[in-house]
Amino acid sequence: MHLGKLVERLLQLVPVLLGVSTIVFLMMALTPGDPVEIMIGDQPITAAEELTLRQNLGLDKPMGERFLVFLENAVTGDFGTSLFHRRPVFDVIVERLPATIELSLVALIIALATSIPLGVMAAIRKNTIIDRIATVGSLLGVSLPGFWFGILLLMLFAVQLRLLPVSGRIGFDSEVAPITHFLLIDTLLRGRLDAFWDALSHILLPAITLGLPMTAILTRVTRTSMLEVLRQDYVAFAEAKGLSRRRILFRHALKNALIPTVSVAALETGSLLGGNMIVETVFGWPGLGRLVVESIFVRNYPLVQAAVLFYAVTYVLVNFVADLLYTLLNPRVKL
Amino acid sequence: MTAADDTAAPAIATEEGTTLFRRNLSVFAENRLALASAVLMLLFVLVAIFAPLIAPHDPNETDLFRRLQPPGWAAGGEWSYLLGCDGLGRDILSRIIYGSRISIFIGTAVILIATMVGIIAGLAAGYLRGWVDIAISRLVDILLGFPYLIFAIGLMAMMGPGLVNIILALAYKEWVIPCRVVRGETLAARELEYVEAARAIGASRFHIMLREIMPNILSPVIVVSTIRMADVIILEASLSFLGLGVQPPTASWGSMVADGRAFILEAWWVSTFPGLAILLLVLVINVASQGLRDAFDPRFNE
Amino acid sequence: SEIRVGFTADALTLDPANHRNRETETIIRNMYDGLLTRDAEMKVVPEIAESWTQTSPTSFEFKIRKGIKFHDGSELTVEDVKFTLDRLTVEGAMGDGQTSPRKSLLGPVKDVEIVGDDTIRINLSEPWPLLPAMLPFQEFVSKAFVEKVGTAGMATAENGAGPFKLVEWRKGDSIIMERFDDYYGGSPDIAPVGKACVDRVIFKVIPETASRVAALLSGDVDIINGLPPFSIAQVEQNPNTKVMTVNGTRSVFLALNLHGDKFDDIKVRQAVAYALDKQLIIDKILGGNAVPIEGILSPAAFAASTNLPKHDYDPEKAKALLAEAGFPDGIDITIDTEGADKDTVEAIASVLSKSGIRAKVAVGESAQVDAKWDPKNDKNDGDMYFTSWGNGSLDPFDIFVPTHYTMGRGNASGYSNKEVDTLLDQGAVELDPAKRATLYQKAEAIVNADLPYIYLWVPKDIYGVSKRLKGWSPSADSRINLHDACVE
Amino acid sequence: MTTTATPLLQVQDLRTVFETRAGRVFAVDGVDVTVYPGECLGVVGESGSGKSVTFSSVMGLVRAPGRIVNGSISFEGRDLRGLSVHDMRRIRGRDIAITMQDALTALNPALTVGEQILEVLYAHDETLPEGRMARRKAARAKAVDMLELVGIASAGDRLKYYPHEFSGGMRQRIMIAIALACRPKLLIADEPTTALDVTIQAQVLELIADIRARLGMSVVLITHDLGVVSEYCDRVMVMYAGQVVEEGPTASVIREPLHPYTRGLLQSIPRLSLRGQKISPIEGQVPDLVDLPPQCRFYSRCGERIDACRQRIDMRDLGEQRRARCIRLSEGKA
Amino acid sequence: MTTPLITVDNLVKHYGGRRDPISWATGKPAINIRALNGVSFEVRRGETLGLIGESGCGKSTLGRTLLRLHEPTSGRVVFNGTDITALKPDALKAMRRDMQIIFQDPYASLNPRRTVADIIGLPLMLHGLASNRRDMRDRVAAIMDKVGLKANHLDRYPHQFSGGQRQRIGIARALISNPQFIVCDEPVSALDVSIQAQIIELLTSLKREMGLTYLFVSHDISVIGYLSDRVAVMYLGEIVEMGPVEAVLSNPRHPYTQSLMSAVPDVDHPGKRQRVRLTGDLPSPQNPPPGCKFHTRCPLAIDLCRKEAPPRHEAGNGHTVSCHLINDELSILR
Ligand SMILES: Nc1ncnc2c1ncn2[C@@H]1O[C@H](COP(=O)(O)OP(=O)(O)OP(=O)(O)O)[C@@H](O)[C@H]1O
Ligand SMILES: Nc1ncnc2c1ncn2[C@@H]1O[C@H](COP(=O)(O)OP(=O)(O)OP(=O)(O)O)[C@@H](O)[C@H]1O
Ligand SMILES: [Mg+2]
Ligand SMILES: [Mg+2]
């Protein structure tokens, strides 16, 4: 991977990010009604403060200028004040990020760690019981409404069986002083294994719920692409070379089969990011998703706007990283 | 020159006038599970259409004396309220039956709009290329930069809840998917020799786009659209669950699950059944669309 | 020992002057003390203040207790008291041109004077008998500390004089506090006096109702707020938990658009009153946890009348009244409401419909519905609005005036009655409590007859509590004061 | 090429079928193949006549829905069909090697060319020294040798390249290098040049001929092109619709084709020398291999058919190493 | 036979090269494929000009640019006295009746969703040549009969036909508007030998009956040799040698043609000819070599070849060659 090419690819992100920002801006700008009035809602605010707000949003200026102001602010991380919290939106969002990131990463890891082996097994042992399980499971997985499934899991494991906690990130007795703000890591860094298990037990259900659709889709993709790859001439040729089955499956087939899996996984992080809102709401997870949902109902527009932008930018970047990964797996694709 | 020997023609040619479409359809019909799912799907649609005739009760009729009444088979239940009642004593079965209208209507409307827009945009981008393609493709790239649910939530937060708004919020992004499929297929098709042949004969762009290319890309589009339909239904339910969906008292499955969430300790049936309804409908669509895909888009064949 | 509270929402900020949010107040009131507070009977008693006197209709004097320490060990002085009140009431006092959103809670406070090394005087711009009743809601901060961290810092840092001090705020998840060992003991009128009983207190944010109940049942938390009526049975059945309720301070009512073409007729309003089976809804939807009202005041409020005429459920009478008013076939109306009350309003609608008042429910965002029912909005084309007005002070001034005074800011019905206006004006300046009470009772009798609103009920706040918890009882102003609570 | 030598590969009455939706496809239906040490056997036939399936059957590489239903395959006297999966793996790539029809799809796009050569050596080459490093070094040296042998310049560097970084002809040669890495006794070259231009085709075919001469291995050359057979093969086997219809030394088959199909094939080739004359193509097309009637498979297209052709026809031995499957041969003259 | 039906003058076609502003801004390089680099020739009325060359040398591009299916980058094509490179869309459409094309791939060239009647009849409908559908169907039936298809298969779909039959459908479509000139772009390359011969027969007899003129593209020298009157040899977007078929094929003058001829295996006379081994592959048209394009593979290349493009020499009898060495009587076939 040439550095110049990397920079070039990064530059190509610019128009997309610009477009994404434009749409986020338009979402708000084209909302019917006076945005300031809607935003203020029943928050007690003085006339002077209202005026400042208007000026900050640049509502007195023409659309084009407002957009530029918005862009400038976005680049500098200035998303205005959350009227509801009476603090900068940026601060409020940043506080909630570690929880959301931790949850999403664990969900991603669960999804990858289950779907790839399952998909591969299903393809190798086509039409056997494991294939059936994988096929039916992935079909169910994509069809389950996450919000509902989460509630069921919660009722079963947390309320009825009392195996796992009901809500939150970590138990009362397991707090550790933050280092990275990722509890699974912090507890380990502090050498608190009990707390680590506690944090793990908290994250398990939400992460499974969040990762489920992705797991299902990736299982299906891996299975299909593995089957596809196994049909290829180069696998037949590898057979003809008298190579061991292991080598054929894992070196020749899997490396190629993972190519679509990687790009689909990147696309599906979209479902992780969106799913945050629902899963965090259902499981009382103290992350950004829940904050956004709460903010919608109090018309905390600047926060919603900033969060949507944040999610979109994250998504674009995740896909960019996946592209890089893709080139590692697939030598035919040059950056 | 004698006529090419007829007896030697391939076996598939023996049935006179079989179209590719009908052949695919018969392949589809052979897939029992998919066929059963398609029948169930039809059943859902019928239930939605004839909801007033089927529903045992008025879905919005509240009866506080039936508040949280358990399902018919459980202690304290009544068979005439088969799936029990919700927090306002409304019949859950009737609400599920009426709720199917919302899910199916929104799903169908979004997919129809998106597919139509997607086909037009995709054909234009893929065939005309140039500036049209650049403009459309960039827009597609940008919209793809948003996670779907986030985009819909953002829009709904700004536009406010309501049936039309949900359809718009979903369709604004959904069209991108058929558009990408159509564009890709069109790009491939425009290089095919039969398109070149039509041009060589002097056919116009419109003739080529609409008569030569479109019929050939329709089956992948239909396949993709049915697959997407399942997703759109889940998305709508998710929005309703978050309270960004249709307005009460209209029954929608997602909001029924959300409403029942508070009662889940005392009255599990209130959210369980509507959730099950979503699962069933989406599952059925997914199975059917997988069958369609296998039959109509042989590239996916295993 | 430790008490865990399963709580509906997180604090928005830790700055007592920079919010208008009940939940936030409930949490931070355990770290900050007020000049005054309330006892279990909702009587206002001194806290940081040692005593107070009203020296004129427009001025009050407060004597500040000696030896109160902030959590950082510094002593609380009159300077801090004045600083706090100024920060709350002076335009732009929060810095950066910001004004405290709580300013309006202290209405006509004009200025604060230091009149001795332990006394301050609060001057009002007009008579306002409510001041002592409103002071329990204002928490007192250290001047030096605020000047050090600034308003931005106050959002996440704390240096109060309350029984607990902050250990950690895990945003969105929990707030952990520990006992402040140098606590001065709190109000001497409320036993026990002294430092808090438990070592630690945790407010755990559990927004989902079912999860909160489950957490209580499983013993994860000791107190939960917002226990839904339908979960009462569960909590009662559990051997380790019980239900505690307290009369709330918020009156719920239906506003009727008096400028529309239906409710301008008193007969139609009466018809609604008779058609509405209040008790049924209280029993079925609220699980019996509400007190019906016939006027705007809660039974616990100062000057509440006990013998107002009732409109008992009588659908026949309602139909007859409708017919008299020229609607023999009934009327079609729409009830506006916000999402949170959807359940109740749908129930109301269905009950009304049985008497020919065919009601539809329209759920709207609070801002939008508020704007529509703003008395200044003369284009309001709504029929009926299900709403409520809080009365934390339990003084009629705070609820009667805004909802019934001509063009009052909460007068959604658009009610205007000279006589009522006069009575309310007099009530505001009358210093003799007995005379004041009569004035308000007269006014209540008038509005009970006029029916600009259908007065519904005052809901109780319902808490689920672990049986191991001792010495704690819920408070009508929905504060959760953990100073006195102990666990076995 | 003496007939007296013991055959290297002997296949008898091989039948391979595919179960498809349309029915059972008799892709290979009673095929006998004999390959002698050191010879080059050409296999010609139209597309779908069963050439590839025959030899993937030999290698034991027929995949579902395909199945060998009958026949014996013996290589150096060992019955390959009776071998365990493990033993078969040891024969593939080491004793019998194959190059596939399309080099672009037969080389793994995700692995370097070097890895794809080295792995065969690791799998089969027992002459490699012990010890990781030494083994690696020796294998690498062999790989470089092989690439140089097939005419790839600066082979050492090229080991790091991926298949897509080579041109079509080079890929074909790399595949040959892989196949030859373990010096197999038999190379099956399945249409090694169909996708290539004539100039490249000549390069590749000459390369195979050259290596065959040097290593003394046997080659089976599968092709469409009678010209190629005539230039490079000692013996030729003509296949039609899953059966062998004619077999014999190349020169004599081309000079004097016995089966009407072979004759038709030869007459179908347009030649510069035939300019202005009519060529006489075989009319009709190859029959579908599903549910064939038990008759001569060329019946529907044969200009010389008689009623007696509507029965099972067996291969006839006509002496001088020539065999053909036509009923009229026994009448003396076709 | 004297007036040229088509004159091609210095035709150039480059693909790609245009960039959209966003890829320009982000520095994506423009790809520029120089598929045709100044090709000039003429086709006389009633003759068949054969065009031969390696894969990717620009044969199809030439055929398509000639018909303005692709817009030429520069150069002129004069058909029947009209400069078609300058025609407006309407006039071009009218012109299309007279110039048709037959494609290589019998599968891709027919729209799978339309019936044979629609496919073949489309030109009639577009140009208003048929008064109604009935008339159209009658005429389609007639032409189907002419190309050897059963007229009652009118309502079948392409997938119901075999490869050879489909190629006949393609031919029928090209013929129905009664064109004068047809580009045959490798119409037989995808077919089996026996079917290939059928189609060649069909094309030659149609030409005779209807007085057609062909530009016949193929990479198969025997096919070109069999049916062309004159032949043009293409290398990397240029014609390197052109002339009467006997002259060019039996006495090739350009080193490239010579190596091409020597590489073709001959069924009848195996091993007779001297082989010329070319090294390397066709260079990429994205960055063609300077000077003579063939110098990278030419065994005779001298310094001049690397610097200057060779002029076109007359070798008598309309035989032209573009090579620096032509006058030196040098030949790689020493
Ligand atoms: N996987 C399969 N499923 C069904 N039929 C198959 C399969 N593979 C091969 N066949 C059938 O077997 C027959 C012989 O195929 P084979 O590949 O051996 O032909 P071939 O002579 O090698 O042709 P070509 O010259 O095109 O390579 C064909 O009719 C083909 O349809
Ligand atoms: N539409 C196109 N866009 C870009 N490049 C093209 C296009 N068509 C052809 N080319 C390129 O132009 C060059 C010449 O292609 P062309 O198809 O004319 O070759 P050809 O001689 O017909 O080859 P073949 O024998 O493989 O058909 C090739 O490098 C090809 O990749
Ligand atoms: Mg083959
Ligand atoms: Mg071509």
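Here is how names work: the chains are called A, B, and so on, in the same order as the sequence lines, proteins then strands, and each is numbered from 1.
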Heavy-atom closest contact (D/V198 atom, E/A263 atom, distance): O-CB, 3.7 Å
Which atoms of D/L226 approach chain E - backbone, side chain, both or neither, heavy atom under 4.5 Å: both
Side-chain heavy-atom pair E/S194, D/E283 within 4.5 angstrom cut-off: no
Contacting region of D/L205 [heavy-atom separation from chain E under 4.5 Å]: neither
Enclosure of D/R297 CZ (heavy-atom neighbours >12, cutoff 6.0 Å): yes
Side chain / backbone / both / neither for D/Q267 at chain E, heavy atoms under 4.5 Å: neither
Residue part contacting chain E, namely of D/Y232, when any heavy atom lies under 4.5 Å: side chain
Largest heavy-atom contact set with chain E, pairs under 4.5 Å, which of D/S280, D/G227, D/P270: D/P270
Partner chain E: residue of D/R255, D/E206, D/Q201 with the largest heavy-atom pair count (under 4.5 Å): D/E206
Audit row: E/V193, D/E46, side-chain contact (heavy atoms from CB on, under 4.5 Å) steps and yes/no: CA-CA 7 Å; E/V193 195; D/E46 282 177 75; 5.6 Å; no
D/S268 side chain to E/Q196 side chain, donor-acceptor N/O pair below 3.5 angstrom: no
Sub-4.5 Å side-chain heavy-atom contact between D/D225 and E/P265: yes
Under 4.5 Å from a heavy atom of chain E, the part of D/L207 involved: backbone
Heavy-atom proximity to chain D below 4.5 Å, by part of E/L260: both
Contacting region of E/L227 [heavy-atom separation from chain D under 4.5 Å]: backbone
Side chain, backbone, both or neither of D/I282 within contact of chain E (heavy atoms, under 4.5 Å): both
